[in-house]
Amino acid sequence: MTSHRSDFIRNVIERGYMHQCTDLDALDKLAENKIVSAYIGFDCTAPSLHAGSLVQIMMLRLLQRCGHKPIVLMGGGTTKVGDPSGKDESRQLLDDDAIAANMAGIKDVFAKFLTFGDGPTDAIMVNNDDWLKGIQYIDFLRDYGRHFSVNRMLGFESVKIRLEREHNLSFLEFNYMILQAYDFLELSRRHDCLLQMGGSDQWGNIVGGVDLGRRLDQRDMFGLTTPLLTTSSGAKMGKTAAGAVWLNADMLSPYDYWQYWRNTEDADVGKFLRLFTDLELDEIAELESREGVELNEVKKRLATEVTAMCHGQQAADEAAETARRTFEEGTLDAGLPSTDVARADLEAGIAVFELFKIAALATSNGEARKLIKGGGARLNDEKIIDETRSVTLNDAGADGIIKLSAGKKRHALIKPV
């Protein structure tokens with residue numbers, strides 16, 4: 001148990017969200033005595049967020065559950081620049097239409113985790129393009145750029161890594177930390193936002209905003225970061241052999257999402273229950289103490305809890321039932337992810353390695369070939385020997401469906417149309 005008095009800071013520490021904080025005791029005192037508005041920024045680099053962003057989303061959810069006000073900042077402006085933090089290379093620059101399309105895809109997910117509205121603790125969503133697009137360059141440099149030391153900026157981890165590896169860091173990207181600091185200042189002035197949260201790679205950018213608020217407005221502002229999250233085996237959160245674990249159902253089915261969490265490593269079960277569910281800590285302690293077959297049931301509970309939060313209880317229950325039928329009864333369940341393939345293409349025949357890529361069981365033809373060569377690929381539950389084997393309509397079962405499997409736990413159905 002921690003000695004901190006505010007519900008928010010106590011939960012942040014006990015659930016494992018805490019990495020660094022600019023002045024923890026002062027923030028704890030503030031959160032005990034008033035409603036704190038806090039924000040996290042999300043750049044619009046893809047049409048969906050993935051599970052790697054889930055810690056940040058859950059932080060905002062926890063903030064609101066503890067009686068405070070979350071601000072979701074959409075990076076409509078900063079996406080035009082590209083955050084160099086944690087990146088070896090520059091991001092591909094997106095045009096306004098692509099950014100707007102990505103933002104539209106990202107926005108909806110937050111309504112599943114947060115309560116939006118006009119109340120004192122209701123979440124709000126803002127777009128930093130609203131203030132960044134009108135910046136006058138010379139005025140901005142005179143008013144804000146003079147408060148940033150290049151010497152100090154060169155010492156930030158995101159910059160040092162690029163320079164040490166002799167990877168290019170454009171002047172455009174170098175400006176990102178100033179723009180992020182300015183975002184914090186604007187949110188402080190517009191919405192009384194006193195706390196910025198983010199991943200550990202954001203520490204330098206966040207501290208820049210805290211310093212800017214103190215210098216210009218004499219305000220006590222705070223920064224709090226979460227640890228870099230990896231699985232016990234060292235894998236990066238939100239990534240699988242088949243690609244990103246997207247939060248949008250049109251990019252990853254609820255069943256595949258459920259399976260990702262069901263396949264959690266034993267050592268991570270307790271950690272993930274604390275970070276990604278609302279279950280009480282006492283219950284989590286009891287669940288993570290289980291072993292063997294009982295621990296597998298806990299993993300199913302984790303998968304269902306996390307999937308219900310993102311896709312709804314019905315989708316979570318259906319995913320759990322599909323998995324039960326597939327793995328416990330050995331039946332072909334219609335709830336498995338499916339891909340429509342033109343009947344004419346199957347009449348002509350499709351190389352099986354290509355079909356694995358089409359079904360999103362592999363990210364490339366090369367990866368599919370490697371899977372088959374390693375003996376991990378099955379067609380209608382039969383091991384595939386020849387990676388160039390042609391799959392045709394003759395491979396469809398009595399129900400007209402072809403089943404592909406990558407390993408024991410990832411399956412997909414091919415439906416001729």
Side-chain angles (χ1 to χ4, degrees), residues 11 15-17 48-62 65 108-115 229 231-232 235 237-240 242 244-338 360 407-413:
N11 272 279
R15 286 186 172 269
Y17 292 106
S48 169
L49 297 175
H50 58 67
S53 301
L54 204 53
V55 168
Q56 308 309 324
I57 297 173
M58 291 299 293
M59 275 282 282
L60 291 172
R61 180 179 175 88
L62 178 63
R65 289 175 61 217
D108 290 344
V109 76
F110 290 98
K112 301 171 183 176
F113 292 86
L114 304 171
T115 300
L229 192 60
T231 66
S232 292
M237 275 295 298
K239 300 285 186 180
T240 70
V245 182
W246 300 110
L247 302 185
N248 287 16
D250 61 340
M251 295 183 68
L252 186 77
S253 72
Y255 172 81
D256 281 331
Y257 189 73
W258 188 94
Q259 275 294 336
Y260 172 75
W261 296 101
R262 164 63 182 85
N263 294 335
T264 294
E265 297 171 32
D266 291 0
D268 291 328
V269 172
K271 176 171 70 174
F272 287 1
L273 284 168
R274 282 185 285 274
L275 290 172
F276 301 119
T277 78
D278 294 338
L279 297 180
E280 295 296 331
L281 292 172
D282 289 345
E283 183 178 4
I284 292 173
E286 190 278 320
L287 290 171
E288 69 176 323
S289 69
R290 300 182 187 180
E291 298 177 347
V293 175
E294 286 192 354
L295 186 58
N296 283 330
E297 292 303 312
V298 176
K299 291 181 184 181
K300 294 175 187 176
R301 173 79 181 278
L302 167 67
T304 301
E305 292 281 342
V306 178
T307 304
M309 202 176 294
C310 189
H311 297 296
Q313 191 65 52
Q314 182 178 345
D317 291 341
E318 288 174 354
E321 177 61 13
T322 295
R324 187 189 69 79
R325 290 178 181 172
T326 302
F327 300 115
E328 296 175 17
E329 297 180 3
T331 58
L332 185 62
D333 194 278
L336 288 172
S338 64
K408 295 180 180 180
K409 297 180 178 179
R410 295 171 51 230
H411 308 278
L413 307 179

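Values in this document were obtained by computation on a predicted structure and should not be read as measured data.
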Quiz item: Is the closest side-chain heavy-atom distance between L54 and V245 below 4.5 Å?
Solution: no
Exercise. Report the residues that fulfil side-chain contact (heavy atoms from CB on, under 4.5 Å) with L114, sequence neighbours left out, ordered by chain and then residue number.
Key: L60, R61, Q64, P70, V72, F110, F116, A123
Quiz item: Any donor and acceptor pair, going by atom type alone, linking the side chain of R15 with main-chain N or O of R274 inside 3.5 Å?
Solution: yes
Practice problem: Please determine which of N263, T307, T304 meets the side chain to side chain donor-acceptor pair (under 3.5 Å) test together with W258. | Solution: T304
Quiz item: Are D266 and K299 close enough that some pair of their side-chain heavy atoms sits under 4.5 Å apart?
Solution: yes
Quiz item: Is a side-chain donor or acceptor of T231 paired with a backbone partner of A235 at a separation under 3.5 angstrom?
Solution: yes
Quiz item: Of all heavy-atom pairs between L279 and I284, which one has the smallest distance, and what is that distance?
Solution: O-CD1, 3.5 Å
Quiz prompt | ring-ring contact (aromatic ring centres under 6.0 Å, His included): pairs with one or both residues in residues 263-287, sequence neighbours excluded | solution = W261-F272, W261-F276, F272-F276
Quiz item: Is there a side-chain contact between Q56 and L49 (heavy atoms, below 4.5 Å)?
Solution: no
Exercise. Taking all non-hydrogen atoms of both residues into account, name the closest pair between T264 and D268 and its distance.
Key: CG2-CB, 3.7 Å
Quiz item: Is any side-chain N of the basic residue among E297 and R290 closer than 4.0 Å to the acidic one's carboxylate O?
Solution: no
Quiz prompt | Pairs satisfying ring-ring contact (aromatic ring centres under 6.0 Å, His included), at least one member in residues 285-321, at least two apart | solution = Y257-H311
Quiz item: Could you give the distance from CG (L295) to CZ (R301), rounded to the nearest 0.5 Å?
Solution: 13.5 Å
Quiz item: Say you draw a straight line from NZ of K112 to CD1 of I57; how long is it, rounded to the nearest 0.5 Å?
Solution: 10.0 Å
